[in-house]
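In this chain, numbering begins with 1 at the start of the sequence shown.
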Amino acid sequence: MAFSERKMPGICSVFLLVVLFAHSCHGFYLPGSYMHTYSTSDTIVAKVNSLTSIETELPFSYYSLPYCKPLGGIKKSAENLGELLMGDQIDNSPYRFKMNVNESLYVCTTSPLNEHEVKLLKQRTRDLYQVNMILDNLPVMRIAKQNGVSIQWTGFPVGFTPPNSNDDYIINHLKFKVLVHEYEGSGVQIIGTGEEGMGVISEADKKKASGYEIVGFEVTPCSVKYDPEVMTKLHMYDSISPVNCPLELDKSQIIREQERISFTYEVEFVKSDIRWPSRWDAYLKMEGARVHWFSILNSLMVITFLAGIVFVIFLRTVRRDLTRYEELDKEAQAQMNEELSGWKLVVGDVFREPDCAKLLCVMIGDGVQITGMAAVTIVFAAFGFMSPASRGMLLTGMIILYLFLGIGAGYAAVRLWRTLKGTSEGWRSISWSVACFFPGIVFVILTVLNFILWGSKSTGAIPISLYFVLLSLWFCISVPLTLVGGFLGTRAEAIQYPVRTNQIPREIPARKYPSWLLVLGAGTLPFGTLFIELFFILSSIWLGRFYYVFGFLLIVLLLLIIVCAEVSVVLTYMHLCVEDWRWWWKAFFASGSVALYVFLYSINYLVFDLQSLSGPVSAILYLGYSMIMAIAIMLSTGTIGFITSFYFVHYLFSSVKID
């Protein structure tokens, strides 16, 4: 009670500070990039990201094609760790606008195309590569109409190939529409972590903040054939007459050798009622949103109902067994032990050390690390801290969390090792193995994929410098923290078994069917909670869509944890009931086997949903990344199931009277 009284003043002080701070704020917007307001005629420069395609999944630099370069040369934008790993390469571009000034401008005319440039342009056109532009941190959007329905795309194609034709045409004229909203400083405070850095706009900055904010960036791409003799007399940013996009192919710019391509653009500024905090809403509209909502809700209800039934039946069974066992006197217990079979008979073997105990400890440690990383990341994303406006922030946050959660991994692995062995001897080896096991698997797979990307000259390849950065982060942060966690594990109180282990192992009765068959089948129930959300996640990764329903993902994660725990406990109980005391690995793989179904589903998605994916290189990349995802899911779900089963078995046998 005295402890509570000492704590109360501190808690009250913190609460008072929070209330005072909340009272002083006019409003709060989080996350996104820092809001930038522009005055009329202010210069705004568009940026270009890597060229991407859902056909190949190999990103390439924008300037790998013969496009116009900026007057001051190409300058790369500062990129975070996540952007570099995702293959983003953001550069400046020659496309510059003046706020609220509608104009049509000439950019440049290329030298005559050589054979290599023609081959490259044709290949990128036929592989459906998209040009990705960014203005004020907003990706350019193209709106196309098919059968009277408007379809939104981010980016615009490099070129197009008419049906039943061998000719390819390049997009060389862009009609931009920039949506702007007049901002007069409403006293709303805006905090963000975008590429412009952190910043706050408050009442004090009202005059300074007044102006126009960009809330939309759209493009209509055209192919226009110009007379190179006329165009070469112009200079960059000279005015030209507005262009109507031609429908006739003879007026479009064909891609062939010795052609000189002129690039032009026009920009129109349109006032909009869209406010700056809502400007990403247009990008986050997913196709089939209604199906997405109802499918997930249906899945959650069915799985919750099914898992609830299994758990209730299971509790009633165990309670009945325990009640009957506890009500008997000692002589009756001895007689019952001779006559009955079941989990009571493996009391002297249930805590016998499993095979490959070191590997089990290492996998549990890595599973704790991955589960913690996933849970914290999804919670932060669900509360809006990881906006799509902050490119690469999600991946960067995951890596940082994984590095610092090494302390939890080392602690869990070494404490389990102490429990199994009864001694702390060898804890350094366990800690080092935990620090190297999963990162080592990822490193090997990424290195193989990286050699493939290097061979393709893709921007998706991880630079050598970034390899050294990642290795430095791993060696300087993750490894020491894992060793610290292992040391703390040696100092933690050891988990004491409630029963003694016999010296001679009990013989396990023969079974009609392999027990591993039941273990593998158990993974279907956790997979049932996951597969619908998995479809949307795979679509966002491989089809270039934005994934934003992190609230649903958080619910799915919580449900997955519950189902993994239930499935593993039920399977463990079933094995103990048939006198199979080797439950350790089976408890891990009862829930961890969901990874097998995730990988098989990834292959199914590749075959039936990614039919546009072309070439063995793209398929190898897809399968490599899917393998990393499946291994991470196996370690995470297996750890959840194992820890739950361990404490269940510990509780079950500590509830039985043992002489």
Side-chain angles (χ1 to χ4, degrees), residues 46 48 50-56 58-70 93-95 104-133 140 142-146 151 153-176 218-267 457 612 614-615:
V48 286
S50 300
L51 306 173
T52 55
S53 168
I54 60 172
E55 288 264 335
T56 65
L58 296 171
F60 290 99
S61 168
Y62 174 81
Y63 291 108
S64 63
L65 296 181
Y67 285 127
C68 303
K69 296 178 173 59
S93 80
Y95 295 93
S104 300
L105 302 174
Y106 165 79
V107 184
C108 78
T109 300
T110 65
S111 54
L113 297 179
N114 57 39
E115 182 182 354
H116 173 71
E117 291 171 334
V118 169
K119 182 180 178 182
L120 206 57
L121 280 170
K122 281 180 169 287
Q123 185 178 346
R124 299 287 182 265
T125 298
R126 300 201 174 191
D127 285 341
L128 304 181
Y129 269 87
Q130 302 283 313
V131 178
N132 299 293
M133 280 193 176
V140 70
R142 175 169 55 100
I143 301 175
K145 285 197 174 182
Q146 292 183 1
I151 301 176
W153 304 84
T154 53
F156 58 89
V158 169
F160 63 92
T161 305
N164 305 319
S165 174
N166 291 324
D167 293 328
D168 301 289
Y169 296 84
I170 190 171
I171 299 297
N172 63 334
H173 180 75
L174 302 172
K175 304 181 77 159
F176 294 108
E218 300 174 6
V219 67
T220 302
C222 308
S223 180
V224 181
K225 183 171 179 59
Y226 292 106
D227 184 354
E229 299 298 327
V230 175
M231 301 304 286
T232 49
K233 295 177 182 177
L234 299 174
H235 299 89
M236 187 177 281
Y237 304 130
D238 281 354
S239 296
I240 60 169
S241 301
V243 176
N244 292 322
C245 293
L247 299 176
E248 301 84 3
L249 289 177
D250 58 342
K251 294 181 180 179
S252 301
Q253 179 60 60
I254 195 170
I255 301 173
R256 63 186 173 198
E257 288 186 50
Q258 300 306 312
E259 283 285 326
R260 302 188 69 181
I261 301 173
S262 297
F263 290 90
T264 56
Y265 70 98
E266 52 190 279
V267 58
K457 297 180 180 178
S612 61
S614 60

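For Glu115, the side-chain contact (heavy atoms from CB on, under 4.5 Å) partners at least two apart in sequence or on another chain are Glu257. Under the rule for a side-chain contact (heavy atoms from CB on, under 4.5 Å), the partners of Glu266 that lie at least two apart in sequence or sit in another chain are Ser104, His173, Lys175, Pro242, Val243. Taking the ring pair (Phe, Tyr, Trp, His ring centres under 6.0 Å) definition, one finds that Phe156 meets it with nothing, sequence neighbours left out. Taking the salt bridge (Lys or Arg N to Asp or Glu O under 4.0 Å) definition, one finds that Arg126 meets it with Asp168, sequence neighbours left out. Residues that satisfy the side-chain hydrogen bond (donor to acceptor under 3.5 Å, both in side chains) test with Tyr129, not counting sequence neighbours, are Thr56. Gln253 is linked by a side-chain contact (heavy atoms from CB on, under 4.5 Å) to Ile170, Asn172, Ser223, Lys225, Glu259, Ile261, counting only residues two or more places apart in sequence or in another chain. Shown here are the side-chain contact (heavy atoms from CB on, under 4.5 Å) partners of His116, two or more places apart in sequence or in another chain: Asn114, Leu120. For the side-chain hydrogen bond (donor to acceptor under 3.5 Å, both in side chains) test, residues two or more places apart in sequence or in another chain that qualify with Thr109 are Tyr106, Ser262.
Taking all atoms of both residues into account, the shortest heavy-atom contact from Lys122 to Ile255 is CE-O, 3.7 Å. The two residues Glu117 and Pro112 have their closest heavy-atom pair at OE1-O, 4.1 Å. A pairwise comparison of heavy atoms in Ala46 and Ser93 identifies O-OG, 2.7 Å as the closest pair. Minimum heavy-atom separation, Gln130 to Pro157: OE1-N, 3.6 Å. Considering every non-hydrogen atom in both Cys245 and Pro221, the closest pair reads SG-O, 4.4 Å. Considering every non-hydrogen atom in both Ser165 and Asp167, the closest pair reads OG-N, 3.1 Å.
Of the possible donor and acceptor atoms, one in the side chain of Arg260 sits under 3.5 Å from a partner among the backbone N and O of Thr110. Of the possible polar contacts, one joining the Ser53 side chain to the Asp127 backbone as a donor-acceptor pair under 3.5 Å is found.
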Test side-chain contact (heavy atoms from CB on, under 4.5 Å) applied to Ser239 and Leu105, step by step: CA-CA 5 Å; Ser239 296; Leu105 302 174; 4.1 Å; yes
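Annotation for Asn166: atom CG does not count as buried by contact number, only 12 or fewer foreign heavy atoms lying within 6.0 Å.
Counting heavy atoms from C-beta outward, Leu51 and Val131 have side chains that approach closer than 4.5 Å. Under the 4.5 Å side-chain criterion, counting only non-hydrogen atoms from C-beta, Leu65 is in contact with Arg124. At a threshold of 4.5 Å between non-hydrogen side-chain atoms, the residues Val158 and Leu121 count as touching.
Counting only residues at least two apart or on different chains, no salt bridge (Lys or Arg N to Asp or Glu O under 4.0 Å) pair has a member in residues 230-254. The list of ring-ring contact (aromatic ring centres under 6.0 Å, His included) pairs with a residue in residues 219-261, not counting sequence neighbours, is empty. Legend: side-chain hydrogen bond (donor to acceptor under 3.5 Å, both in side chains) pairs involving residues 59-70, not counting sequence neighbours, sorted by first then second residue: Ser61-Gln89.
Interatomic distance, Thr52 OG1 to Leu58 CG, rounded to the nearest 0.5 Å: 11.0 Å.
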